[in-house]
Amino acid sequence: MPKAIIKSKTGSSITIEGTKEELAAILSDFERSSVVREIRTKATKSIVKKRDENKRRAASDLIVELREENFFSKPKTLGEIASKLEQMGYIYPTTTLSGVVIGLVQKKLLGRKKNDGKWVYGR
């Protein structure tokens, strides 16, 4: 009776005995399932990587990045900051940004002053 030995990636061996047709069917199923498993593993890794890349960045990090790019060379209002972030693909309501910007002012990463009755933020 024909015999087939399958060695796994982990080093274990499986011995199969049967007719040629039975062995062919088993080996075919085994190879197909191994290929499918590899494809699923690669797809899962790709999805996880994409998800990690698309994680929402913190508004404070984005504003500090804008500061480093000299966005605040002239004082900006919360609306202008929100508009710039929106152009970058990040949508934050000004009510959310007000607390974030105040936190950056308290950390002395941004300055704040009143200009024509409105608060503006800059370096």
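One is the number of the first residue; the rest follow in order along the sequence. These values consider heavy atoms only, across backbone and side chains, with no hydrogens, waters or symmetry-generated copies. Computed from a prediction, not measured in an experiment: that's the story for all the values here.
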Less than 4.5 Å apart, any side-chain heavy atom of [X] and any of [Y]?
| X | Y | result |
| --- | --- | --- |
| Leu62 | Tyr92 | yes |
| Arg67 | Leu104 | no |
| Leu66 | Leu85 | yes |
| Leu78 | Lys118 | no |

For [X] versus [Y], what's the shortest heavy-atom pair and its separation?
| X | Y | result |
| --- | --- | --- |
| Arg112 | Ile102 | NH1-CD1, 3.0 Å |
| Tyr121 | Phe72 | O-CD2, 3.4 Å |
| Pro75 | Glu80 | O-OE1, 3.9 Å |
| Lys76 | Phe71 | CE-O, 2.9 Å |

**Asked** Are Ile63 and Val120 co-members of a hydrophobic cluster defined by side-chain heavy atoms under 4.5 Å apart?
**Response**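 No, Val120 does not connect to Ile63 through the hydrophobic network.
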**Request:** Look at the side chain of Ser83 and the backbone N and O of Gly79, then say whether any donor-acceptor pair between them is shorter than 3.5 Å.
**Result:**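 Side chain of Ser83 to backbone of Gly79, a donor-acceptor pair under 3.5 Å: yes, one is there.
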**Request:** Give, for atom CD of Glu86 and atom CD1 of Ile81, the distance between the pair rounded to the nearest 0.5 Å.
**Result:**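 Result: 14.0 Å between the selected atoms.
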